[in-house]
Amino acid sequence: EVQLQAFGGGLVQAGGSLRLSCAASGFTRDDYFIGWFRQAPGKEREGVSFISSSDDYTYYSDSVKGRFTISSDQAKNTVYLQMNSLKPEDTAVYYCAADLGTDFTIATMRFASGGVDYWGKGTLVTVSS
């Protein structure tokens, strides 16, 4: 059973930084994508960023491109989301998620739609103005 656990949320002032961590376990294959969604109150869920298990591909939504960086530590089975220059509109519950496969185009569509294979519990990020 794949398990994903997110850490690192908190309260930060606008312009500040936070780093989220996603500890992953239970994968029985090495071809997957892992990343982050977020959902703010009253807004639709948004696929923020993901990275391939091979580290070959990364994706960022337009709203975070240039400010957020996703990376992985395969030895620790952990994916990180470094969030810089945070804005109040980044306030949301951030969820770690994973999708099996190797096709970047399909993974992009699935992360955009929320139709991924596995979800973890969220961690709240609050950015004050």
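Residues: numbered from 1 along the sequence shown. The analysis underlying the following values was restricted to heavy atoms, covering all of them including side chains, and did not include hydrogens, waters or symmetry mates.
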Just distance, no hydrogens or angles: give the donor-acceptor pairs under 3.5 Å from side chains in residues 89-104, sequence neighbours left out.
residue : atom : partner : partner atom : Å
Asp90   : OD1  : Arg38   : NH1          : 2.9
Asp90   : OD1  : Arg67   : NH2          : 3.0
Asp90   : OD2  : Arg67   : NH1          : 2.7
Asp90   : OD2  : Arg67   : NH2          : 3.4
Asp90   : OD2  : Lys87   : N            : 2.8
Thr91   : OG1  : Pro88   : O            : 2.9
Thr91   : OG1  : Val127  : N            : 2.8
Thr91   : OG1  : Val127  : O            : 3.4
Tyr94   : OH   : Arg38   : NH1          : 2.9
Tyr94   : OH   : Asp90   : O            : 2.7
Asp99   : OD1  : Arg110  : NE           : 2.9
Asp99   : OD1  : Arg110  : NH2          : 2.8
Asp99   : OD1  : Asp117  : N            : 3.1
Asp99   : OD2  : Arg110  : NE           : 2.6
Asp103  : OD1  : Thr105  : N            : 2.9
Asp103  : OD1  : Ile106  : N            : 3.0

For residues 2-31, the ring pair (Phe, Tyr, Trp, His ring centres under 6.0 Å) pairs (sequence neighbours left out) are Phe27-Tyr32
For residues 58-84, the ring pair (Phe, Tyr, Trp, His ring centres under 6.0 Å) pairs (sequence neighbours left out) are Phe50-Tyr59
Indicate if [X] and [Y] have the same hydrophobic cluster label, given that clusters are the connected sets of ILVMFWY residues with side-chain heavy-atom separations under 4.5 angstrom.
X	Y	result
Ile34	Val116	no
Phe33	Trp119	yes
Trp36	Met83	yes
Leu4	Phe111	no

Show which side-chain atoms of residues 11-19 pair as donor or acceptor with protein atoms under 3.5 Å away, not counting sequence neighbours.
residue : atom : partner : partner atom : Å
Ser17   : OG   : Asn84   : OD1          : 2.9

Discussion item. Before you tell me yes or no, could you show the steps for Val2 and Ser25 under side-chain contact (heavy atoms from CB on, under 4.5 Å), namely the whole-Å CA-CA distance, both residues' side-chain angles and the distance that decides it to 0.1 Å?
Written reply: CA-CA 6 Å; Val2 172; Ser25 63; over 6 Å; no
So salt bridge (Lys or Arg N to Asp or Glu O under 4.0 Å) across residues 22-36, not counting sequence neighbours, yields Arg29-Asp31
Query - Pair Asp55-Ser72, side-chain contact (heavy atoms from CB on, under 4.5 Å): steps then yes or no - result: CA-CA 7 Å; Asp55 284 351; Ser72 68; 2.6 Å; yes
CD1 (Ile70) and OG (Ser52) are apart, to the nearest 0.5 Å, by 9.5 Å
So OG1 of Thr28 and CD of Glu1: to nearest 0.5 Å the spacing works out to 10.5 Å
query: Does Gly115 offer a backbone N or O that forms a donor-acceptor pair with the side chain of Ser113 under 3.5 Å?
result: yes
- Message: Between Ser63 and Ser61 (side chain of the first, backbone of the second, donor and acceptor by atom type, cut-off under 3.5 Å), is there such a pair?
- Response: no
By side-chain contact (heavy atoms from CB on, under 4.5 Å), Asn77 pairs with (sequence neighbours left out) none
Looking only at heavy atoms, the pair that brings Thr78 and Lys76 closest together is OG1-O, 2.9 Å
Is there a side-chain contact between Leu81 and Ser49, using heavy atoms and a 4.5 Å cut-off? yes
**Asked** Does a side-chain heavy-atom distance below 4.5 Å link Val79 with Leu20?
**Response** no
How about Gln3: does its CD atom have over 12 heavy atoms from other parts shown lying under 6.0 Å from it?
no
